Amino acid sequence: MQMETLVALCKRRGFLFQSSEIYGGLNGFWDYGPLGVELKRNIREAWWWDNVLSHNELITPLGAPSPYQMVGLDSTIIMHPQVWKCSGHYDLFHDYMVDCRETKKRYRYDQVQGRWVSYKGQRIFVATEAVGDEALAETEHKALKYFGLRPKDSEELVWESPIVSLTTVEDLSLVLAPDAKTLGTLTPPREFNLMFKTYVGALSGEENAAFLRPETAQGIFVNFKNVLDSTRVKIPFGIAQIGKSFRNEITPRYFTFRSREFEQMEIEFFCRPETSRAWYEYWRKRRYQWYLDLGLAGERLRLRDHSPEELSHYSCGTADVEYAFPFLAPGDFGELEGIAHRGDFDLRSHMEGKLIRKGNELVVELDANGQPKYRGSGRDLTYFDEETRERFIPHVIEPSAGADRAALAFLCEAYAEDTVPDEKGNPTKRVVLRLHPRLAPTKVAVFPLVKKDGMPEIAQSIYAALKPHVNCFYDEKGAVGRRYRRQDEVGTPFCITVDSQTLADNTVTVRDRDSLRQWRIKVDDCVEVIKNLVSGKERPPELA
RNA sequence: GCGGGUGUAGCUCAACGGUAGAGCAGUAGCCUUCCAAGCUAUUGACGGGGGUUCGACUCCCCUCACCCGCUCCA
């Protein structure tokens, strides 16, 4: 399938629109239309239901090390700025960068250094990424090359400064960039902040600077103690949250895949350190299975363990659930969800301050004065186990899913074109979204076969009976085949049609989207049958 | 952020330095007794901003967005 085809369908039928389209759009932002909002809501609700509400904490789920509890949370998008300093996001996401127009390379402004040199009246700043003696050698080599001199002529160069940071250079047009051959190829330093910045209160000074959250996870960690104190949960337990996050991505790309505003569905699962490995295994399998159960095909879905080099500095294991999106090169997969073993990194960070890795240890990062670079809350976020009389910092397993990416994957997977005979028996192309009934925006459409003989009235009463239970749709316009096709295109799994036989025996036909099979049920059973079909409790008779 | 490409109606595509056309879709009605495109009527577009010109959808510049390739992706 071509991605444009799906994008066009999404727009035409109201799944996804470009944000602010009438003003020309805004890169990296997407709106969900009337059908898209239902799809995404269904994804969210399936996730919440499957992970939180339907979870039975009294039994050991299949594959789990023990019973566990699940609760939910909804924390704010803007949090205390210190949250992001201790979590590491502030340092990681906040840099000044310069780009080289010649080589297209990008450098961290504060990591480039160099020295001033003159030759025959021309004074330039030779920059390098190297440090120490290497920087001296590198700058000399580059200066010689630039002025067209041989190594033996190096005395003719007049060095006018020691190695200094690029940040001390006012006029970048005099800078020879680290990999460039010509002068002045660096752009002015640009703030490269992957977190959206805003200001709390009317004053917009740095004092009041705040950030839109780049992940929902931190809201859970900072509420860890509140949840413990208010709910009587015991370890092991998970806290789930669904909400918007914001990242000022450099290159939003691939439809909604990499958006700047996106929705996450995250669980932070807290457990005893010695059981964390087993829980990690449990969650990575369970989360993979969730996508399979909702219809993503096994050959396009994979669970990939990160290699040791890929792991974040705090993680002792991470696996991604990945989907072979059609916009990626064959063989490439895009991330839907990451399941990370985060150890005690997060809770410790919010107790002690920002942590960095030193050898095999995580230690508080210190500033030049030997003080913590970013102070933690100082609150005790340890857990006291009443049974074993032990106090410890729980370890965390984090399944973190993207709701928009899931929606996109389900749409990609569902899109299909097949051939269906028309009224004369000639094969015609049909576009159909084979969405799982749980995810389909509309569960059932109700039609009178024709707009006469009292069929519309009966159909309308069936519609009225269904309405309180499932999202349904009524249509009496045009030929019935055309109405079926319209529903196929938006993934409605079932259609109920009132025909002349209904008038005689009070039965209607149910049509299955995928198989095109039809069978008759009693008018009075419509609500029950449709509910069962949508929940999967019942299957179309020919397929059962 | 860089390079290349694209931007005309919801979609697919025309035309022209001088009043922007069509098919499909949509809407209203007719016709239709189970898998869209039969009839009638009808809605609807030059991504945005400048410039050149008597006149710009057309030529030029800028910008925005999308696609492809790099770069980036905690």
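Computed over heavy atoms, backbone and side chain alike; hydrogens, waters and symmetry mates excluded. Since the model is a prediction, treat every value here as computed from it, not as a measurement.
Judged by distance alone, the side chain of A/Asp332 and the main-chain N or O of A/Leu328 form no donor-acceptor pair under 3.5 Å.
For B/rA41, the paired base is B/rU27 (Watson-Crick or G-U wobble, both distances below 3.5 Å). In this structure B/rC13 sits in a base pair with B/rG21, meeting the Watson-Crick or G-U test at under 3.5 Å. Using the Watson-Crick or G-U wobble rule with both distances under 3.5 Å, B/rG7 pairs with B/rC64. Of all nucleotides present, only B/rG69 satisfies the Watson-Crick or G-U wobble test against B/rC2, with each distance under 3.5 Å. The partner of B/rC59 is B/rG51, by the rule that a Watson-Crick or G-U pair needs both atom distances under 3.5 Å. B/rC46 is unpaired under the criterion used here, namely a Watson-Crick or G-U wobble arrangement in which both key atom distances are under 3.5 Å. Checking B/rU32 for Watson-Crick or G-U wobble geometry (two distances, each under 3.5 Å) identifies no partner in any strand.
Remark: the separation of the P atoms in B/rA37 and B/rU32 is 15 Å, to the nearest Å. Going from the C1' atom of B/rA65 to that of B/rC46 covers 16 Å, rounded to whole Å. Comparing B/rC59 with B/rU6, their P atoms are spaced 12 Å from each other, to the whole Å. The P atoms of B/rU12 and B/rG17 are separated by 25 Å, rounded to the nearest whole Å. On the C1' atoms, B/rA45 is 25 Å away from B/rU52, given to the nearest whole Å. B/rG51 and B/rC72 have their P atoms separated by 41 Å, given to the nearest Å. When the P atom is used for both B/rG23 and B/rG1, the distance is 43 Å, rounded to whole Å. Taking the P atom of each, B/rC68 and B/rG26 are spaced 29 Å apart, rounded to whole Å.
The side-chain tip of A/Arg511 points at the ring of A/Tyr484 from less than 6.0 angstrom away and within 45° of straight on.
Spacing between atom CZ of A/Arg13 and atom P of B/rA25 amounts to 13 Å, rounded to whole angstrom units. As rounded to whole Å, 16 Å separates atom C1' of B/rG10 from atom CD1 of A/Ile22. Spacing between atom CG of A/Leu9 and atom P of B/rA25 amounts to 16 Å, rounded to whole angstrom units.
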- Task: Summarise protein proximity over nucleotides 27-37 of chain B in one line of letters, 5' to 3': B for base, S for sugar-phosphate only, - for none, counting protein heavy atoms closer than 4.0 Å.
- Result: -SSS-BBBBBS

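Side-chain atoms of A/Arg12 and base atoms of B/rC11 include no donor and acceptor less than 3.5 Å apart.
Tested against A/Gln218 for a side chain to side chain donor-acceptor pair (under 3.5 Å), the candidates A/His80, A/Glu268, A/Arg213, A/His350 yield a single pass: A/His350. With A/Ile462 as reference, A/Val508 is the one residue of A/Asp524, A/Val508, A/Thr497, A/Thr502 to meet the side-chain contact (heavy atoms from CB on, under 4.5 Å) rule.
Between A/Phe211 and A/Tyr90, the ring planes lie perpendicular to each other; the angle is over 60°, past the 30° to 60° tilted range. The aromatic rings of A/Tyr280 and A/His341 stand perpendicular to each other, their planes meeting at an angle above 60°, with 30° marking the opposite boundary.
Contact check for A/Leu408 versus A/Tyr323: no side-chain heavy atoms found under the 4.5 Å cut-off. In this structure the side chain of A/Glu398 reaches within 4.5 angstrom of the side chain of A/Glu266, judged on heavy atoms.
Side-chain contact annotation: A/Ser245 with A/Gln264, donor-acceptor N/O pair under 3.5 Å present.
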- Task: Any chance you could lay out the side chain to side chain donor-acceptor pair (under 3.5 Å) test for A/Tyr374 and A/Asp367, step after step, and finish with the verdict?
- Result: CA-CA 8 Å; A/Tyr374 299 121; A/Asp367 64 15; over 6 Å; no

Under 3.5 Å, which protein N or O atoms sit close to an N or O of nucleotides 62-70 of chain B? Give each pair with its distance.
from, atom 1, to, atom 2, distance (Å)
B/rC64, O2', A/Gly24, O, 3.1
B/rA65, OP1, A/Asn27, N, 3.1
B/rA65, O4', A/Gly24, O, 3.1
B/rA65, O3', A/Gln18, NE2, 2.6
B/rA65, O2', A/Gln18, OE1, 3.3
B/rA65, O2', A/Gln18, NE2, 2.8
B/rC66, OP1, A/Asn27, OD1, 3.3
B/rC66, OP2, A/Asn27, OD1, 3.1
B/rC66, OP2, A/Asn27, ND2, 3.4
B/rC67, OP1, A/Phe255, N, 3.4
B/rG69, O6, A/Arg253, NH2, 3.2
B/rC70, N4, A/Arg253, NH2, 3.4

